[in-house]
Asker: 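The structure follows.
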Amino acid sequence: GTASYASGPGAYSVSGSGAGFSPDQFRYAWQTLSGDGEVKARITGFIATTTTAQGGVMIRETTTGGSKFHFVGRQGDGKIGYSRRSSTGGSVSTGASGGVVTLPYWVRVVRAGNTITCSKSANGTSWSKVNSATISMASQITIGLAVSSARTNSTATATFDNVTVVP
C-alpha cells in the first residue's frame, strides 16, 4: 500500500491491500498521540473491490500485530462500520451503523481516558455515535488513517480531506 499527501487542506490518499484488521493486514498512516485526543477526517472517495474493504480513522495502542485498536470508516458496501480489538491479541469485533452513505462523509475517533468513541457525520458538525468501548491503552498511542481491501490480491483506495488530530 501507499500513503501520500494530496492537494488541499489536510488531504491524503491511502491505498491498502491485506486481509483486514483481524490479521493486522492494512495500510496505516499514523502519528503518535499522548493522552486524550481525536482524529477526524472527511472521506471524499473510496474505491474498493470487495464489500468488506474499509477506509477511515483509527486509534491504535502500537503498530505491533495484535495491538488494541478502534476504527471507524466506510466499508466497501457503502456503510459506515467499526472494528475494534479491546485486548492485546484478542478477537476483533465489527459492526455497521445505518445504511449506505453518500460521500463525502465524516468519521471521527475520540479517546477520553479509557473510553474510545467512534462517530459519523454528514456535515462534520452534528455527530452520531457509531460505537463506544472501554479500552485501556498506554498513555502514548498511534492515531491516523487506515485502509484495507480485505483481500491480499487487490487494493482499496480512500481519499480524505480535512484530516485533523487534536491532542
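This chain uses plain numbering: 1 for the first residue, then up along the sequence.
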Asker: Strictly by modelled atom types, are S86 and K68 linked by a side-chain donor-acceptor pair under 3.5 Å?
Answerer: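 Side chains of S86 and K68: no pair found under 3.5 Å.
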Asker: Answer with yes or no whether the side chains of T159 and T44 bring together a donor and an acceptor at under 3.5 Å.
Answerer: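 Looking only at side-chain atoms, T159 and T44 do form a donor-acceptor pair, the distance falling under 3.5 Å.
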Asker: Start with the C-alpha distance between R74 and V101, add both sets of side-chain angles, then the distance that settles side-chain contact (heavy atoms from CB on, under 4.5 Å), and finish with yes or no.
Answerer: CA-CA 8 Å; R74 190 159 196 260; V101 298; 3.9 Å; yes
Asker: How many angstroms lie between atom OG1 of T49 and atom CZ of R151, to the nearest 0.5 angstrom?
Answerer: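 Going from OG1 on T49 over to CZ on R151, the span is 7.5 Å.
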Asker: Answer yes or no: is there a side-chain heavy-atom contact under 4.5 Å between I141 and R111?
Answerer: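 A side-chain contact exists here, since the closest heavy-atom pair is under 4.5 Å.
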Asker: Does E61 reach the main-chain N or O of A138 with its side chain, forming a donor-acceptor pair under 3.5 Å?
Answerer: yes
Asker: Are T142 and T62 packed together at the side-chain level, in the sense that at least one heavy-atom pair is separated by less than 4.5 angstrom?
Answerer: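 Result no, sub-4.5 Å side-chain heavy-atom pair not found.
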Asker: Could you check whether S13 and Y5, counting side-chain N and O atoms only, form a donor-acceptor pair closer than 3.5 Å?
Answerer: no
Asker: For a quick test of reading the model, state the closest non-hydrogen atom pair linking V92 to S83 and the distance between them.
Answerer: CG1-CB, 4.2 Å
Asker: Between V57 and R108, is any pair of side-chain heavy atoms under 4.5 Å apart?
Answerer: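 The answer is no, as the side chains (C-beta and beyond) never meet within the 4.5 Å cut-off.
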Asker: Would you check if R60 and W30 make a side-chain contact, meaning some heavy-atom pair closer than 4.5 Å?
Answerer: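 A side-chain contact is absent here, since even the closest heavy-atom pair is not under 4.5 Å.
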Asker: Search all heavy atoms of A158 against all heavy atoms of V147 and return the closest pair with its distance.
Answerer: CB-CG2, 3.7 Å
Asker: Given side chains that start at C-beta, do those of D24 and R85 come closer than 4.5 Å, heavy atoms only?
Answerer: yes
Asker: Just verifying a value: how many Å separate H70 NE2 and S132 OG, rounded to the nearest 0.5 Å?
Answerer: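 Atom-to-atom, H70:NE2 and S132:OG are 6.5 Å apart.
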Asker: Grouping I, L, V, M, F, W and Y whenever their side-chain heavy atoms are under 4.5 Å apart, do W127 and I59 come out in a common cluster?
Answerer: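 Not linked; separate clusters.
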Asker: For a quick test of reading the model, state the closest non-hydrogen atom pair linking M137 to N114 and the distance between them.
Answerer: N-OD1, 4.1 Å
Asker: Less than 4.5 Å apart, any side-chain heavy atom of S97 and any of K120?
Answerer: yes
Asker: Could you report the tightest heavy-atom contact between S126 and S121, atom names first, then the distance?
Answerer: O-OG, 2.8 Å
Asker: Out of curiosity, does Y105 fall in the hydrophobic cluster containing M58 (side-chain heavy atoms, cut-off under 4.5 Å, transitive links)?
Answerer: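 No, it is not one cluster - the side chains of M58 and Y105 are not joined through contacts under 4.5 Å.
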Asker: Does T50 reach the main-chain N or O of S149 with its side chain, forming a donor-acceptor pair under 3.5 Å?
Answerer: yes
Asker: I want to check something: taking the side chain as every heavy atom from C-beta on, are L33 and P167 in contact at a cut-off of under 4.5 Å?
Answerer: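 Yes - at least one pair of side-chain heavy atoms lies under 4.5 Å apart.
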Asker: Find out if a path of hydrophobic residues (ILVMFWY) with successive side-chain heavy-atom gaps under 4.5 Å connects V130 to F46.
Answerer: yes
Asker: Working to the nearest 0.5 Å, report the span between CD1 of I135 and CD1 of I116.
Answerer: 4.5 Å
Asker: Nearest heavy-atom pair of V163 and Y12: which atoms, and what distance?
Answerer: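 Looking at all heavy atoms of both residues, the shortest contact is CG2-CD1, 3.7 Å.
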Asker: Give the C-alpha distance, both sets of side-chain angles, the deciding distance and a yes or no for side-chain contact (heavy atoms from CB on, under 4.5 Å) between T117 and S119.
Answerer: CA-CA 7 Å; T117 304; S119 303; 4.0 Å; yes
Asker: Verify, without hydrogens or angle tests, whether Q25 (side chain) and G18 (backbone) share a donor-acceptor contact under 3.5 angstrom.
Answerer: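 No.
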Asker: So how far is it from R42 CZ to N123 CG, rounded to the nearest 0.5 Å?
Answerer: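 Those atoms lie 11.0 Å apart.
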Asker: May I ask you to test the K40-V109 pair for a side-chain heavy-atom distance under 4.5 Å?
Answerer: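 Answer no - side chains too far apart.
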Asker: Do V14 and V39 belong together in a cluster built from hydrophobic side chains that touch within less than 4.5 Å?
Answerer: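 Per the 4.5 Å side-chain linkage, V14 and V39 are co-clustered.
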Asker: Mind checking whether F21 and F71 have parallel, tilted or perpendicular rings, split at 30° and 60°?
Answerer: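 Aromatic pair F21/F71 classed tilted.
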Asker: Return the set of residues passing ring pair (Phe, Tyr, Trp, His ring centres under 6.0 Å) with Y82 (not counting sequence neighbours), or none when no residue passes.
Answerer: none
Asker: Where do F160 and A41 come nearest, in terms of heavy atoms and distance?
Answerer: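 Reported closest heavy-atom pair: CD2-CB, 3.9 Å.
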Asker: Rounded to the nearest 0.5 Å, how far apart are OG of S148 and CZ of F26?
Answerer: 8.0 Å
Asker: Working to the nearest 0.5 angstrom, can you tell me the gap between L145 CG and R27 CZ?
Answerer: 12.0 Å
Asker: With a 4.5 Å cut-off on side-chain heavy-atom distances among I, L, V, M, F, W and Y, is there a chain of contacts connecting W106 to V165?
Answerer: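 They do not share one cluster, since no chain of ILVMFWY contacts under 4.5 Å joins W106 to V165.
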